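Per chain, numbering begins at 1; letters A, B, ... match sequence-line order. Quick caveat: nothing in here was measured; it's all calculated off a predicted structure.
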There are 2 protein chains.
Amino acid sequence: MNQSPQTAHTWQSIRAEVLRRIRAREWPPGSMIPNEADLAIELGCARATVNRALRDLAEAGVLDRRRRAGTRVAATPVRRAVLQIPVIRDEVAALGQAYGYRLLSRKLATPPPSVAATLALPEGGAALHVRALHLSGAHPFVIEDRWITPAAAPGILDADLSQVSANEWLVRNAPFTGGTLSFGAVSADDGLAALLGCLPGTALLRLDRTTSDGTQIVTAAALTYHAGYRLQTTI
Amino acid sequence: MNQSPQTAHTWQSIRAEVLRRIRAREWPPGSMIPNEADLAIELGCARATVNRALRDLAEAGVLDRRRRAGTRVAATPVRRAVLQIPVIRDEVAALGQAYGYRLLSRKLATPPPSVAATLALPEGGAALHVRALHLSGAHPFVIEDRWITPAAAPGILDADLSQVSANEWLVRNAPFTGGTLSFGAVSADDGLAALLGCLPGTALLRLDRTTSDGTQIVTAAALTYHAGYRLQTTI
DNA sequence: ATGGTATATATGTCTATACATATTAATCTC
DNA sequence: GAGATTAATATGTATAGACATATATACCAT
């Protein structure tokens, strides 16, 4: 017989109902919505369940919530997107191509001032500079240009970076907690063009990334992708 | 006297402790961690509190969780970043510049095949094509090139897009739920160069965005930013 | 061996209740 | 009326307990 329960109230279903009311303009952008307790009564569930649903929508940017002030529909909804940061080996594998890796250069050197400032190196301090090419099948995929603070990554100076990319070595051996990410477009100079197999002057997507272990910057990397590369995400 | 409670166990503090163990390599990448019930006993809090902490870390990409299988430290941590989608007016205002807007063109037309496919238009169907320039002070900031499905945005054909940008009109008047976002680099052609005030051939960051109301694609937009623009985020 | 079935287990979620905390609104004092 | 104090309120969070659900593993029959 299995009488279906008239109250299948998961937090997802509450979220769906709230979203429906927002889309239907029952709760227009900028307006207040009822408080959690009232909503819980109206929808027939516990306040914690309403809280879970509304919190989720707030994280997604659909709602603005403030203690005591209440909850209102965001004036400009969906302002956030989750970006999957490409782990190069996985990204290439997902394209169904064989992943390849070639170390181009590796040396301890004094970085240019901008990098030295980013890594917070002492005056004249040295850092490990690694350049490498990642391949998708036989085609160049991305060029990695990376500076590493040796003190923040003990063991890196002894690592064999011709076999494992610096990125993967760091992921496995240097604990890190956060960092920054920025995107821009650059024009291929002769060196980049030769390595990536494109014409000089081609517009390329470049991703700059710094990684921190909580106290210092472990590494600063620039990834310059092959011509035509697009970074995708869903809202 | 206010004896400080020896158990100030918020879910954030539990999360911090778990993160500490991961960073300290007590729980190395790829390894299993104790189950929620055991952790709750060990740390002296309720299982729900542990659940909240671990769920948060899983959303951040630090942990992989599966029912029955348990929780393990992700082999490649921190794979996700939250990207703040630029609402142009706000972005310019945050730079401390006056926001300006100029409508370049507006007409109903048959879009090129790629756009028609994206919008799922019937054969030969028309869509509204809007081009506009957004200004930061006196400087060009970004060019918006947008196609809108009229049926999905009732009222758009009567809107005065010389005063309000199509983007803002849509945000306020067309409910939407999701979409896609992709980034790439393009070379400035003569037209773009003239509008953005740069040399032809300059590498520019381009953001392509589609917006859906759940059943159909409402709009497809290409935003081409001024030379040197960088999109930033933190992990 | 092979394939299906049962069971155990870890996470996922809901509930009711209590208290914490931020912040607005009301009130009091000078 | 200006500024400080107090109360009220909505969200934020912790707890114990219960049940739901996915799935790895053990077990069984063929």
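- Between the CD atom of B/E36 and the P atom of D/dA16 there is a distance of 14 Å, rounded to whole Å.
- Judged as a salt bridge (Lys or Arg N to Asp or Glu O under 4.0 Å), and not counting sequence neighbours, the contacts of B/D56 are B/R15.
- Contact between the side-chain N/O atoms of B/T71 and the OP1/OP2 oxygens of C/dT11 is found at a separation under 4.0 Å.
- Rounded to whole Å, atom P of D/dA10 lies 18 Å from atom CG of A/D64.
- Between the CZ atom of B/R65 and the P atom of C/dT9 there is a distance of 18 Å, given to the nearest Å.
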| request: Applying side chain to side chain contact (heavy atoms under 4.5 Å, CB included), run through A/L205 and A/L223 and close with a yes or a no. | output: CA-CA 8 Å; A/L205 185 68; A/L223 299 177; over 6 Å; no
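- Summarising the geometry, the separation between CD on A/E59 and P on D/dT11 is reported as 16 Å, rounded to the nearest angstrom.
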| task | Encode nucleotides 20-28 of chain C as B, S and - characters from 5' to 3', where the letter depends on protein heavy atoms closer than 4.0 Å: B to the base, S only to sugar-phosphate, - to neither. | result | -BBBBS---
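- Residue pairs satisfying the salt bridge (charged side-chain N to carboxylate O under 4.0 Å, His left out) criterion with at least one member in residues 137-153 of chain A, sequence neighbours excluded, are listed as follows: A/R131-A/D145, A/E144-A/R146.
- Not counting sequence neighbours, the partners of A/R65 by the salt bridge (Lys or Arg N to Asp or Glu O under 4.0 Å) test are A/E36.
- Phosphate contact (OP1/OP2 of D/dT13, side-chain N/O of B/Q12, threshold under 4.0 Å): present.
- If you measure from atom NE2 of A/H9 to atom P of D/dA20, you get 17 Å, rounded to the nearest angstrom.
- Among the nucleotides C/dA16, C/dA10, D/dT15, the one closest to any side-chain atom of B/N35 is C/dA10.
- Residues passing the ring pair (Phe, Tyr, Trp, His ring centres under 6.0 Å) test with B/F141 are B/H226, B/Y229, sequence neighbours excluded.
- Annotation: ring-ring contact (aromatic ring centres under 6.0 Å, His included) contacts involving residues 144-172 of chain B, sequence neighbours excluded, comprise B/H129-B/W147.
- For B/E168, the salt bridge (Lys or Arg N to Asp or Glu O under 4.0 Å) partners at least two apart in sequence or on another chain are B/R89.
- Look at CG on B/L63: it is 11 Å from P on C/dG12, rounded to the nearest Å.
- As a whole-Å value, the separation of A/W11 CH2 from D/dT13 C1' is 17 Å.
- Across all their heavy atoms, B/P150 and B/I156 have their closest contact at CA-CG2, 4.2 Å.
- In the region residues 47-57 of chain A, proximity to DNA chain D at under 4.0 angstrom, judged on heavy atoms, holds for A/R47, A/N51.
- With sequence neighbours excluded, no residue satisfies side chain to side chain donor-acceptor pair (under 3.5 Å) with B/Q97.
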